Protein chains: 2
Amino acid sequence: MIVLELSNVKSSVEALNPEQPFEQMHFVEEVGLMFEMVGLPRMSGRIFGWLLISNPAQQSHAALAEILQASKGSISTMTRLLIQIGLIERVSLPGERRDYFQIKPHAWSQMTKQRIAQIAAFRQLAEKGLTLLEDAPPHLQKRLQEMRDIHAFLERELPLLDERWELEQRSLHQSNPERLSQS
Amino acid sequence: MIVLELSNVKSSVEALNPEQPFEQMHFVEEVGLMFEMVGLPRMSGRIFGWLLISNPAQQSHAALAEILQASKGSISTMTRLLIQIGLIERVSLPGERRDYFQIKPHAWSQMTKQRIAQIAAFRQLAEKGLTLLEDAPPHLQKRLQEMRDIHAFLERELPLLDERWELEQRSLHQSNPERLSQS
DNA sequence: CTGAATGTTCAGTAATCATTGAACAAACTA
DNA sequence: TAGTTTGTTCAATGATTACTGAACATTCAG
């Protein structure tokens, strides 16, 4: 007879108000759907969604599998993906064998960088198209010129926008240093 | 015995330099792959890609099916999708029964608008998550606050960026009025 | 060493999504 | 009216992708 000890794994959900878990899982599902809309696997979105609201912020491999009702394999693959695209990170506590995952601070500027890369790819495609039309009448070239120009514009401007965001954030945290983390 | 009259349909490709078609179809495939990366059906990308380089810029239903080796059904569904998301438009010539499609001018600011809508959805999700954590310690809320704040920032700034683009374009075309379409 | 705990990899499957092709509809011609 | 052209819809197929679960590592404890 085998008795599994799961108490440590369940606590994260059951320690809460019994009304909460349902809403939490609903949130997790919604993040899953959003990720799917952006072209990422739904399960990667579920993991990310849970890490956004979990307590504590660090969650183990096993805890994720238990709460999201997913196989170990799935968790392993999807956390690898999320780490690779810069949205979460692995944290290992000293003296602990198991790994934990958490949302990576500034995960979002990582996403912005990816978007910029995509925009660059679109600009390059437009340029490739223009070389195909180099002998064509100008009115036929216009379509691709517009595509190239707007992507070049965004490629130039989005990094500046990101920089401005970083600056705003930094100055905000200076005038308000760590007040949030006391309570 | 049935004889199909296809000559009118083939002309669009065969009228060109015999080296070109291969490169053209390569371009079309690349656009297809890009669309797939962004989460849209590959065939919709092929149609869009061909409409970027086709001569004339307007292409009929039948011409698209022939050149892209796709079924009528596929073309019908995918053009509907592309019209719905604002990337192409249907043009009908007076006295002609068939419809033509072409790249919609300013297709790209349409795409920007969609991106902004997606960003708004992410911000709303973050807010929903924050209400789940309203009684949680502040350090747990930070993850979602960062998510909300950056998306609110982009939601505010991207429309301004788009406006600036429109302005730049308009002033460019005033100082250089239609010079491109003479040649 | 053996056994337990933790992760990863990968072959097989389940589910999803794009695409086809045939049936249908509408609009014009004769 | 019947026949032709043009386009749409939709059930069925094919292809792709996510996901599982079992086998395989690795590391620690005894």
Side-chain angles (χ1 to χ4, degrees), chain A residues 1-9 28-29 31-33 35-48 58-85 88 90-101, chain B residues 2-9 28-29 31-49 58-85 88-101:
Chain A
M1 193 205 289
I2 301 174
V3 179
L4 295 176
E5 296 286 347
L6 290 177
S7 53
N8 55 329
V9 161
V28 164
E29 269 321 298
V31 179
L33 290 175
F35 269 55
E36 210 165 45
M37 274 184 49
V38 182
L40 293 167
R42 187 182 294 190
M43 186 61 78
S44 71
R46 291 206 191 96
I47 293 173
F48 191 79
Q58 297 75 26
Q59 295 281 304
S60 73
H61 221 270
L64 290 173
E66 161 79 8
I67 282 156
L68 302 176
Q69 308 265 51
S71 69
K72 286 193 303 171
S74 197
I75 300 295
S76 178
T77 308
M78 291 302 127
T79 50
R80 179 151 33 85
L81 172 67
L82 286 169
I83 287 170
Q84 193 226 312
I85 64 184
I88 70 173
R90 190 188 297 261
V91 292
S92 44
L93 307 184
E96 282 244 36
R97 195 122 66 78
R98 56 169 93 187
D99 287 344
Y100 293 84
F101 301 99
Chain B
I2 301 175
V3 178
L4 295 176
E5 296 287 347
L6 289 176
S7 54
N8 55 329
V9 159
V28 164
E29 272 318 300
V31 180
L33 291 175
M34 284 294 281
F35 269 55
E36 211 165 44
M37 275 185 49
V38 182
L40 292 167
R42 187 181 295 189
M43 186 60 77
S44 70
R46 290 208 193 96
I47 293 173
F48 190 79
Q58 296 76 24
Q59 294 283 303
S60 73
H61 221 271
L64 290 172
E66 163 79 9
I67 282 154
L68 303 176
Q69 307 265 50
S71 69
K72 285 192 306 171
S74 199
I75 301 295
S76 178
T77 308
M78 291 302 127
T79 50
R80 181 150 34 84
L81 172 68
L82 286 169
I83 287 171
Q84 192 226 313
I85 63 183
I88 70 174
E89 61 190 2
R90 189 188 297 263
V91 292
S92 44
L93 307 184
E96 281 247 34
R97 197 121 68 77
R98 53 170 96 188
D99 287 344
Y100 294 84
F101 301 99

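Since this is a predicted model, take the numbers as computed values, not measurements. Within every chain, numbering begins at 1; the chains are lettered A, B, ... in the order of the sequence lines, protein sequences first and strands thereafter.
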(request) Tell me which of A/Glu36 and B/Ser71 sits closer to the 5' end of DNA chain C, going by the nucleotide each one is nearest to. (result) A/Glu36
(request) Pull out every residue in residues 74-84 of chain A that has a heavy atom closer than 4.0 Å to any atom of DNA chain C, ordered by number, or say none. (result) A/Ser76, A/Arg80
(message) Going by the rule ring-ring contact (aromatic ring centres under 6.0 Å, His included), which residues pair with B/Phe48 if we only count those two or more places apart in sequence or in a different chain?
(response) B/Phe35, B/Trp108
(message) Please check this pair: side chain of A/Ser74 against backbone of A/Ser71, looking for a donor-acceptor N/O pair closer than 3.5 Å.
(response) no
(request) Would you kindly give the CD-to-C1' distance between B/Glu66 and D/dT6, to the nearest whole Å? (result) 16 Å
(message) Just so I know, are the side chains of B/Leu40 and B/Ile85 near enough to count as touching, which here means a heavy-atom distance under 4.5 Å?
(response) yes
(message) Would you compute the distance between atom CE of A/Met43 and atom CG of A/Leu81 and round it to the nearest 0.5 angstrom?
(response) 12.5 Å
Protein-nucleic acid N or O pairs under 3.5 Å, nucleotides 25-30 of chain D:
| unit_1 | atom_1 | unit_2 | atom_2 | d |
| --- | --- | --- | --- | --- |
| D/dT27 | O2 | A/Arg97 | NH1 | 3.1 |

(message) Pick the closest DNA chain C nucleotide for A/Arg42 and for A/His61 by heavy atoms, then say which residue is nearer the 5' end.
(response) A/His61
(request) Name all residues meeting the side chain to side chain contact (heavy atoms under 4.5 Å, CB included) criterion together with B/Glu96; count only those two or more places apart in sequence or in a different chain, and write none if there are none. (result) B/Leu93, B/Arg98, B/Tyr100
(message) Let me confirm one number: the CZ-CD1 distance from B/Arg46 to B/Ile67, rounded to the nearest 0.5 Å.
(response) 13.5 Å
(message) If I take atom CD1 from residue A/Ile88 and atom CD from residue A/Gln58, how far apart are they, to the nearest 0.5 angstrom?
(response) 12.0 Å
(request) Check the distance between D/dT17's P and A/Leu40's CG and give it to me in whole angstrom. (result) 13 Å
(request) Any chance you could measure B/Phe101, atom CZ, to B/Leu82, atom CG, to the nearest 0.5 Å? (result) 9.5 Å
(message) To the closest 0.5 Å, what do you measure between CD1 (A/Ile75) and NE2 (A/His61)?
(response) 7.0 Å
(message) Give me each pair satisfying side chain to side chain donor-acceptor pair (under 3.5 Å) with a member in residues 76-85 of chain A, each pair once, sequence neighbours excluded.
(response) none
(request) Quick one: pull up CE in B/Met37 and CZ in B/Arg42 and give me the separation to the nearest 0.5 Å. (result) 12.5 Å
(message) Need to verify one output field. Residue with the more 5' nearest nucleotide on DNA chain D, B/Arg90 or A/Gln69?
(response) B/Arg90
(request) Give me the first and last nucleotide of DNA chain C, going 5' to 3', that has any atom under 4.0 Å from a heavy atom of chain B. (result) C/dA18 to C/dC28
